[in-house]
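We name chains A, B, ... by the order of the sequence lines, and we start the count at 1 in each one.
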Amino acid sequence: MDINQKYTPQSWPDHPETATLEGKNKFIGFWLLLAAETVTFASLFATYLALKDKGPSGMEFSAAGLFELPLVFAMTMILLTSSLTSVYAMYHMKNYNFKAMQAWLAITVMLGLTFLGLEIYEFNHYVHIGFGFTNSAFSSAFFTLVGTHGAHVLFGLSWFIALMLRNAKRGLNMYNAPKFYLASLYWHFIDVVWVFIFTVVYLMGVIG
Amino acid sequence: MAHDAHVHVRSQAEFEYVKKKRADEMRGNLATFAIMIFLTLIAFTTVAAGFSVYLIVPIILLLAAIQVVLQLYYFMHMSGKGHGMVAFFMFSGMFVAFITVLTFVTIIWW
């Protein structure tokens with residue numbers, strides 16, 4: 001049996017992501033990565049909390065006066081919806097419906113791009129009004145935390161696009177099913193981190 | 001070989017059953033999504049309503065925690081079988097994360 005073994009919806013396994021040894025290894029290794037990422041983000045959150053509103057005396061920017069909730073609310077809804085669309089993609093992956101999976105992944109990518117566009121707009125706006133990376137300890141901590149999350153969004157999007165293009169003509173098999181599954185786990189994790197960013201940075205920021 | 005999988009062709013009845021089970025699970029996920037949207041709305045409204053800071057902060061942190069649990073257990077299937085090691089990894093990570101944040105907001109000051 002080789003990796004190009006053809007399947008039908010009837011013969012497609014219940015858990016294609018862990019049906020092979022390769023898949024099992026990827027699955028466990030990827031969750032270990034996510035646990036490590038949790039710690040990475042925790043250190044950035046801790047740094048941010050310690051340095052919030054700190055900087056040279058007389059600095060003009062503070063969290064309460066800087067953040068705008070409507071934009072953050074839109075970004076939150078977009079990212080949360082993209083999390084659902086990737087659940088739909090995995091639903092179709094498990095039903096061995098390659099076309100539907102690709103379509104839902106495409107929607108996920110579109111939503112992710114919109115999110116990233118809004119984040120770039122937001123950062124550009126801050127830099128424009130003088131709140132750059134080197135403005136204060138606060139600004140450095142803010143851009144490092146939120147920027148690292150943005151970089152994860154960018155990586156997640158590139159990963160989805162690469163998988164979709166690479167496997168466009170191949171269809172689903174035991175070789176790529178775990179890959180699609182892990183990319184979607186990564187995407188959910190990005191949303192998990194964002195939940196804490198909108199809560200700790202933006203919501204707790206505007207109330208001072 | 002590492003990519004070998006046991007191929008089992010389901011009977012029609014078996015196939016209909018797993019298909020229905022997956023559709024039910026998807027409906028559950030849709031309900032989870034509705035709850036997440038609702039939690040997010042509450043968090044934003046609480047802040048917009050301008051309650052006391054000492055009331056808002058615990059509420060929105062609790063809402064965030066609930067939303068993360070939903071995301072992990074339903075969207076990321078941590079409630080499914082074979083996720084024992086996964087839970088061990090994630091809870092270890094969260095423990096270290098908690099200690100790190102606690103340290104930076106309490107022991108360190110300037």
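For Phe89(B) against Ile28(A), the heavy-atom pair with the smallest separation is CE1-O, 3.6 Å. The heavy-atom pair separating Val101(B) from Ala42(A) by the smallest distance is CG2-O, 3.8 Å. Met76(B) and Tyr181(A) make their closest contact through O-OH, 4.1 Å (heavy atoms, listed as atom of the first residue, atom of the second, distance). Between Ala43(B) and Leu203(A), the shortest heavy-atom distance links the atoms CB-CD1, 3.8 Å. Of all heavy-atom pairs between Leu84(A) and Asn29(B), the closest is CD1-O, 4.2 Å.
Heavy-atom pairs under 4.5 Å with chain A peak, among Ala48(B), Ser11(B), Ala23(B), at Ala23(B). Listed options Pro13(A), Ser83(A), Gly23(A), Ala36(A) were ranked by heavy-atom pairs under 4.5 angstrom with chain B; first place goes to Ser83(A). Of the residues considered (Ala19(A), Pro16(A), Ser43(A), Pro9(A)), Pro9(A) shows the highest number of contacts with chain B, using heavy-atom pairs under 4.5 Å. Most heavy-atom pairs under 4.5 Å with chain B: of the set Leu80(A), Thr38(A), Ile207(A), this distinction falls to Leu80(A). Comparing Phe198(A), Tyr48(A), Tyr202(A) by heavy-atom pairs within less than 4.5 Å of chain B, the highest count is held by Phe198(A). In terms of heavy-atom pairs under 4.5 angstrom with chain A, the leader among Thr100(B), Ile37(B), Val86(B), Ile60(B) is Val86(B). Residue with the most contacts toward chain B among Asn25(A), Asp191(A), Val206(A): Asp191(A) (heavy-atom pairs, distance under 4.5 Å).
Both the backbone and the side chain of Val192(A) come within contact range of chain B, each with at least one heavy atom under 4.5 Å from a heavy atom of that chain. When heavy atoms are compared at a cutoff of 4.5 Å, Thr47(A) approaches chain B by way of both its backbone and its side chain. When heavy atoms are compared at a cutoff of 4.5 Å, Thr8(A) does not approach chain B at all.
Taking the six-membered ring for Trp and the full ring otherwise, Phe45(A) and Phe104(B) have centroids separated by 6.0 Å or more.
Using cut-offs of 30° and 60° on the angle between ring planes, the pair His188(A) and Phe75(B) is tilted.
Expressed to the nearest 0.5 Å, how far NZ of Lys94(A) lies from CD of Glu25(B) amounts to 6.5 Å. Taking OG from Ser11(A) and NE2 from His8(B), the interatomic distance works out to 9.5 Å, rounded to the nearest 0.5 Å.
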Next on the checklist: Pair Val7(B), Met174(A) - check side chain to side chain contact (heavy atoms under 4.5 Å, CB included), show working.
Outcome noted: CA-CA 11 Å; Val7(B) 177; Met174(A) 278 302 125; over 6 Å; no

Checklist entry - Checking side chain to side chain contact (heavy atoms under 4.5 Å, CB included) for the pair Phe196(A)/Val68(B): CA distance, chi angles, key distance, verdict? => result CA-CA 9 Å; Phe196(A) 281 109; Val68(B) 163; 3.4 Å; yes

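Without hydrogens or angle criteria, Arg22(B) side chain to His92(A) main chain gives no donor-acceptor distance under 3.5 Å.
Listed by sequence position, Leu69(A), Val72(A), Phe73(A), Thr76(A), Met77(A) are the residues of residues 67-78 of chain A in contact with chain B, using a 4.5 angstrom heavy-atom cutoff.
Other residues, nucleotides and ligands contribute only 12 or fewer heavy atoms inside 6.0 Å of the OH atom of Tyr74(B). In this structure, His15(A) places its NE2 atom where only 12 or fewer heavy-atom neighbours from other residues, nucleotides or ligands lie under 6.0 Å away. Remark: Arg166(A) CZ is loosely packed, at most 12 non-hydrogen atoms of other residues, nucleotides or ligands lying under 6.0 Å away.
A heavy-atom distance below 4.5 Å is not found between the side chains of Thr18(A) and Lys81(B). Residues Met85(B) and Leu32(A) fail the side-chain proximity criterion, which asks for heavy atoms closer than 4.5 Å.
Here Leu61(B) pairs with Thr199(A), Val200(A), Met204(A), Val57(B) under the side chain to side chain contact (heavy atoms under 4.5 Å, CB included) rule; sequence neighbours left out.
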